[in-house]
K.L.:
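This is the structure I want to talk about, given as structure tokens.
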Amino acid sequence: MYATAVFLPLLGSLIAGVLAFISPPPDDKVRRATFDRAAQWVTCGFMVISMILAIAIFSEVALGGNPVTVTLFTWIESGALEVNWALKVDTLTAVMLIVVTVVSCMVHIYSVGYMHHDTSIPRFMSYLSLFTFFMLMLVTSDNLIQLFFGWEGVGLASYLLIGFWYNKPSANAAAIKAFVVNRVGDFGFALGIFTVFVLFDTVHLDTIFSAAPTMADATIVAFGGEYHALTVACLLLFVGAMGKSAQLGLHTWLPDAMEGPTPVSALIHAATMVTAGVFMVARLSPLFEFSETALAVVTIIGASTAIFAATVGCTQNDIKRVIAYSTCSQLGYMFFACGVSAYSAGIFHLMTHAFFKALLFLGAGSVIHAMSDEQDMRRMGGIWKMVPVTYALMWIGSIALMGLGIPGLDLGFAGYFSKDVILEAAYAAHTGVGGYAYWMGIAAAFLTAFYSGRLLFMTFHGAPRADETTMAHVHESPKVMILPLLVLAAGAILAGGLGYGYFVGYGTVEFWGNSILALESHPALEHAHHVPLWVKLSPLVVGFGGLGLSFVMYVLLPGLPAKVAGAFRPVYLFLLNKWYFDELYDRVFVRPAFVLGRGLWKAGDGAVIDGVGPDGLAAATRDIARRFSRVQSGFVFHYAFAMLIGVVGLISLYLLTKVG
């Protein structure tokens with residue numbers, strides 16, 4: 001059952017890939033449609049089975065308390081390095097299996113409708129299933145090498161999916177950017193794995209975790225200095241998490257990745273690849289718990305990312321980019337939850353976020369589909385009556401994202417339960433970094449409500465701003481696209497309330513078992529249930545405040561945003577240009593790299609290596625041959641003279657030799 005759930009998407013990907021390879025040309029529409037349907041049925045069917053198996057695994061492992069490790073075969077055996085290909089299935093893995101398979105299954109089904117006009121459907125479905133397989137391999141990893149395999153696999157699949165429309169230069173550039181930025185993070189991740197192996201002489205997770213307390217005070221010597229070993233390892237590992245989960249500094253690839261088809265945005269940026277970093281930190285909690293410095297860095301980076309991305313999301317006009325920056329911000333919440341040792345709260349938010357963010361991305365795709373591929377919210381408006389189902393579902397996803405609910409009565413959508421407990425845990429940590437995370441989280445909650453309301457009001461309300469042709473074609477999405485949205489909406493409504501007791505409530509110890517470790521000296525989650533009332537009410541107050549402000553600015557006084565942007569133009573441009581991170585990186589890294597590369601190409605490679613090497617030898621050979629060719633004049637007296645000179649030379653050499 002365990003291996004089947006993981007490897008079925010790979011089988012579906014291979015079959016769809018073969019269908020893509022042997023698919024008839026576009027002009028043979030009848031046969032091509034048959035191949036397209038076959039690829040869709042195979043990949044969607046296998047994903048449904050995988051999802052059902054994941055639910056069964058969750059029931060047995062997480063609810064039944066029966067973790068299991070399934071060893072498939074020995075993968076690497078070299079000296080002290082012994083690596084099995086094994087599936088580690090505990091509560092943390094079971095939760096991730098539910099998240100990945102449910103969202104991926106809904107994305108597969110949704111893609112049947114969304115991509116029905118595309119000319120490369122089997123290839124797209126193959127990429128989706130391949131991505132899902134690598135993500136499942138990542139979350140079921142029994143060792144760090146297998147984890148790295150899945151980690152790099154989702155990076156490869158994301159490159160293929162983001163650049164799926166390879167005839168668009170912008171899509172190619174976005175795919176390359178995502179790949180390169182993630183390589184920066186993955187370099188740190190690889191160094192972290194090396195460090196862990198040096199310390200523990202193994203990459204097997206359970207062996208590492210059992211030995212971690214004995215290494216709590218170990219040091220490592222590097223570059224002439226002595227450092228706390230686990231801090232070095234955890235910080236290097238966290239660099240990988242920053243790249244994969246788009247944290248501040250390595251976040252620049254995420255918004256550009258919107259160049260891929262909308263189902264890709266939902267799959268990569270809502271529930272799967274970008275959450276890999278959060279999963280990794282939670283999985284390695286037995287290491288992070290012994291490094292206060294690493295935990296503090298995780299908290300600060302997460303809180304800073306939450307507020308940064310929220311500010312940028314308030315000024316973006318592309319509907320998918322607003323949701324993308326929202327994802328970046330919510331990932332910040334998950335990380336600073338892990339940073340204050342409330343790992344289960346971070347995973348709880350990861351789970352609820354998967355449902356409502358996938359709902360928002362696919363809902364945005366429904367809007368784009370209705371608006372004839374228009375993504376700019378400034379060219380939308382006044383369509384809520386034309387797409388009532390999409391409108392209602394977008395409200396559900398947005399309210400869940402805003403985390404609106406009633407403290408004390410425990411009434412609210414999924415985001416209310418998971419986001420509020422993170423803020424309460426940050427406050428209850430009673431540390432400097434915890435306090436910073438709490439207030440940044442509160443500020444981000446206000447901005448989240450504002451940009452969520454802004455998205456809804458600009459997209460669906462007000463006077464229509466699209467041209468008459470576009471407005472004439474506005475229509476509700478087909479059932480094959482609406483059905484997955486309804487499933488995700490159910491998760492966005494119910495997942496928080498149903499999961500609260502298990503994930504972060506009084507049953508959390510039994511539920512998580514040994515899959516997550518939080519030392520008794522880090523009781524933030526336990527104390528989160530006893531914070532003052534104002535701490536519990538603050539997210540609600542700022543949430544309604546942000547939503548109310550967006551209503552005033554984009555419904556009651558629609559001319560106000562332009563006036564505010566004009567009055568605070570430097571601030572507006574700063575946020576609109578995403579804090580100028582791309583421009584900064586272009587100036588500091590990209591341009592010098594081009595100058596260096598061009599110099600090495602022209603001066604080093606061209607002038608020295610090629611000039612002295614193959615080009616130089618070839619030039620010298622041609623010059624010598626040209627000089628000798630002049631001797632071949634065709635006149636007999638020239639050849640006789642050359643022969644005479646040769647004879648004189650030979651006689652002279654003979655006489656000199658005899659005399660010597």
Side-chain angles (χ1 to χ4, degrees), residues 212-213 216-217 227-239 241-242 245 247-249 277-278 280-310 329-350 403 407 418-446 503-505 508-509 512 516-539 542:
D217 299 319
Y227 309 96
H228 186 246
L230 290 183
T231 297
V232 172
C234 290
L235 289 177
L236 289 171
L237 293 167
F238 181 61
V239 171
M242 288 177 63
S245 296
Q247 292 300 282
L248 188 64
V278 181
M280 186 267 286
V281 173
R283 170 61 81 202
L284 300 181
S285 57
L287 297 183
F288 279 85
E289 280 297 282
F290 293 102
S291 175
E292 297 291 342
T293 301
L295 289 176
V297 170
V298 172
T299 304
I300 293 170
I301 294 294
S304 301
T305 303
I307 190 65
F308 153 74
S329 180
Q330 297 303 307
L331 288 166
Y333 277 93
M334 300 174 206
F335 273 112
F336 76 69
C338 294
V340 298
S341 297
Y343 302 98
S344 57
I347 297 298
F348 186 32
H349 195 52
L350 183 157
S418 58
K419 185 198 69 180
D420 280 23
V421 75
I422 287 177
L423 293 171
E424 292 159 9
Y427 178 86
H430 298 300
T431 61
V433 293
Y436 171 75
Y438 173 77
W439 289 111
M440 292 299 101
I442 289 292
F446 172 81
F503 280 79
V504 295
T508 185
V509 175
W512 290 108
I516 289 177
L517 172 67
L519 299 177
E520 293 182 0
S521 57
H522 298 151
L525 184 60
E526 180 182 349
H527 291 172
H529 302 292
H530 309 289
V531 296
L533 181 61
W534 70 266
V535 175
K536 293 180 177 290
L537 291 176
S538 295
V542 299

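Each residue takes its place number in the sequence, starting with 1.
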K.L.:
Identify the two heavy atoms, one from M280 and one from A241, that lie closest to each other, and give their separation to 0.1 Å.
P.N.:
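Heavy atoms of M280 and A241 come nearest at CE-CB, 3.7 Å.
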
K.L.:
Look up atom OG in S418 and atom CD1 in I347, then write down how far apart they are to the nearest 0.5 Å.
P.N.:
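Rounded to the nearest 0.5 Å, the OG-CD1 separation comes out at 11.5 Å.
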
K.L.:
Indicate yes or no for a side-chain donor-acceptor contact from T299 to the backbone of G339 under 3.5 Å, with no hydrogens or angles considered.
P.N.:
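Checking the backbone N and O of G339 against the side chain of T299, a donor-acceptor pair under 3.5 Å is found.
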
K.L.:
With a 4.5 Å limit on heavy-atom distance, are the side chains of Q247 and L331 in contact?
P.N.:
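When only atoms from C-beta onward are counted, L331 and Q247 do touch, with a gap below 4.5 Å.
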
K.L.:
Which label fits F348 and F503: parallel for a plane angle under 30°, tilted from 30 to 60°, or perpendicular past 60°?
P.N.:
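The rings of F348 and F503 lie parallel, inter-plane angle below 30°.
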
K.L.:
For the atom pair CG (L237) and CZ (R283), what is the distance rounded to the nearest 0.5 Å?
P.N.:
14.0 Å

K.L.:
Is a donor on one side and an acceptor on the other found under 3.5 Å between the side chain of S285 and the backbone of A282?
P.N.:
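At least one qualifying donor-acceptor pair exists.
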
K.L.:
Look only at the side chain of H529 and the backbone of V504, and say whether a donor-acceptor pair between them is shorter than 3.5 Å.
P.N.:
yes

K.L.:
Report the C-alpha distance between L525 and V421 in whole Å, list the side-chain angles of each, state the deciding distance to 0.1 Å, and finish with yes or no for side chain to side chain contact (heavy atoms under 4.5 Å, CB included).
P.N.:
CA-CA 8 Å; L525 184 60; V421 75; 4.2 Å; yes

K.L.:
Any heavy-atom pair between the side chains of S341 and L295 that's under 4.5 Å?
P.N.:
yes

K.L.:
If you compare all heavy atoms of A212 against all heavy atoms of L287, which two are closest, and at what distance to 0.1 Å?
P.N.:
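What the structure gives for the nearest pair is CB-CD2, 3.9 Å.
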
K.L.:
Of all heavy-atom pairs between Y333 and A444, which one has the smallest distance, and what is that distance?
P.N.:
OH-CB, 3.5 Å

K.L.:
Roughly how far, to the nearest 0.5 Å, is the NZ atom of K419 from the CD atom of E424?
P.N.:
10.5 Å

K.L.:
Measure the OG1-CZ distance between T231 and F238 for me, rounded to the nearest 0.5 Å.
P.N.:
13.5 Å

K.L.:
Search all heavy atoms of L517 against all heavy atoms of E289 and return the closest pair with its distance.
P.N.:
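In this case the closest contact between L517 and E289 is O-CG, 3.3 Å.
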
K.L.:
At what distance, to the nearest 0.5 angstrom, does CD of E292 lie from CG of L230?
P.N.:
12.0 Å

K.L.:
What distance do M334 atom CE and S329 atom OG have between them, rounded to the nearest 0.5 Å?
P.N.:
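Taking CE in M334 and OG in S329, the distance rounds to 9.5 Å.
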
K.L.:
Quick one: does any side-chain atom of H228 pair with a main-chain N or O of A216 as donor and acceptor, under 3.5 Å?
P.N.:
yes

